[in-house]
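Residue numbers start from 1 in every chain, and the chains themselves are labelled A, B, ... in the order their sequence lines are given, proteins ahead of strands.
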Protein chains: 2
Amino acid sequence: MDTSQLLKGVLDLAVLAVLRKDDGYGYDVVRRLRAGGLNDVGDASVYGTLRRLYNAGMLTSYVVPSEEGPHRKYYSINETGRARLAESRETWRSFASTLDGLLEEVAA
Amino acid sequence: MDTSQLLKGVLDLAVLAVLRKDDGYGYDVVRRLRAGGLNDVGDASVYGTLRRLYNAGMLTSYVVPSEEGPHRKYYSINETGRARLAESRETWRSFASTLDGLLEEVAA
DNA sequence: AACACTACTACGCATCGCACAGTACTGTCG
DNA sequence: CGACAGTACTGTGCGATGCGTAGTAGTGTT
């Protein structure tokens, strides 16, 4: 099956979600998402999403040179990002319940 | 906001769902989906999805010439389609609860 | 020296919903 | 009766986005 299509438009939400508590860098965000159950998420998708959110002004970023490996580009959610997160969450919930409704009718 | 991306990979499921009870033609399926809450679904999307599902062997079709308007191309779900519906529904439920989980963690 | 792991970037592809335009038929209203 | 709205379908092309793949670069392990 193709779970990748289901991520469309939702990966933004998921990334914002895992960043809400603590700042994170790309590789770390990937791990958090997978730990959260999104096992199939591609790393390139996450890096791309981070850049998109950053360009959209929802994240700030700062580089931390690591002494044990390559540098890490940390991303931090700002107010715009939080607003977007709240908004997207509502959109998601509404959409999910609508679809569940359609599926329920079928089962009945 | 952009609800259209959320439909990705789910419109198939929704279309199969509304066809499960009764056969339907394109224009009618659009109405059923909108009545079910998917207000923003585009008609071209539905027609395209119907054709895709048909080509994938999940629907059969027959034309009914209407005496009051253009002909209607009815689509009927078959066994393959039903199997796909059940499968996709499970995929959806699993995915949705995973994402809800990620959002819950955030709220906590 | 070879390999694995971490960490990021960049290119190009595939999917899929959608806007738009076009065809065609029916009924209604001025 | 002519213009318009509603019904019903088809086809073209676009845009957003997740992903595969490759490349770069640093560190540690065997």
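For the side-chain contact (heavy atoms from CB on, under 4.5 Å) with A:Tyr75, the qualifying choice from A:Val15, A:Thr60, A:Asp23, A:Leu59 is A:Leu59, the only one to do so.
When heavy atoms are screened at a 4.0 angstrom cut-off, B:Thr49 is found touching the sugar-phosphate backbone but no base atom. Counting non-hydrogen atoms under 4.0 angstrom, B:Val46 reaches nothing in the nucleic acid. In this structure, B:Gly9 reaches the sugar-phosphate backbone alone: every heavy-atom distance under 4.0 Å involves primed, P, OP1 or OP2 atoms, never a base. Heavy atoms of B:Lys73 sit under 4.0 angstrom from primed sugar atoms or phosphate atoms, though from no base atom.
Between the CG atom of A:Leu7 and the C1' atom of C:dT15 there is a distance of 13 Å, rounded to whole Å. As rounded to whole Å, 10 Å separates atom P of C:dT15 from atom NZ of A:Lys8. Atom CZ in A:Arg52 sits about 15 Å away from atom P in C:dA10, given to the nearest Å. B:Leu38 has its CG atom 15 Å from the C1' atom of C:dC16, to the nearest Å. Between the CG atom of B:Leu33 and the P atom of C:dG17 there is a distance of 11 Å, rounded to whole Å. Here C:dT9 presents its C1' atom at 15 Å from OH of A:Tyr27, a figure rounded to the nearest Å. Note: CG (B:Asp43) to P (C:dA19) measures 8 Å, nearest angstrom. We find that CG of A:Asp28 is positioned 11 Å from C1' of C:dA7, with the value rounded to whole Å.
Side-chain N or O atoms of A:Arg20 include none that pairs as donor or acceptor with a backbone N or O of A:Arg82 at under 3.5 Å. Judged by distance alone, the side chain of B:Ser97 and the main-chain N or O of B:Ser94 form a donor-acceptor pair under 3.5 Å.
If you find the closest nucleotide of DNA chain C to B:Asp40 and to A:Ser66, the one lying nearer the 5' end belongs to A:Ser66. Of the two residues near DNA chain C, A:Tyr25 and B:Asp12, the one whose nearest nucleotide lies more 5' is A:Tyr25.
Closest to the side chain of A:Arg51, from the set C:dA10, C:dC20, C:dC8, is C:dA10.
Of all nucleotides in DNA chain D having an atom under 4.0 Å from a heavy atom of chain B, the first and last in 5' to 3' order are D:dT7 to D:dT17.
Taking the six-membered ring for Trp and thresholds of 30 and 60 degrees, A:Tyr62 and A:Tyr74 have nearly parallel ring planes, at less than 30 degrees apart.
Contact between the side-chain N/O atoms of A:Tyr47 and the OP1/OP2 oxygens of C:dT9 is not found at any separation under 4.0 Å.
The side-chain heavy atoms of B:Asp28 and B:Arg72, taken from C-beta on, include no pair separated by under 4.5 Å.
With rounding to the nearest 0.5 Å, the separation of CG in B:Leu19 from CG in B:Leu85 is 9.5 Å. In this structure, CZ in B:Arg84 is found 6.0 Å from CG in B:Asp12, a value given to the nearest 0.5 Å.
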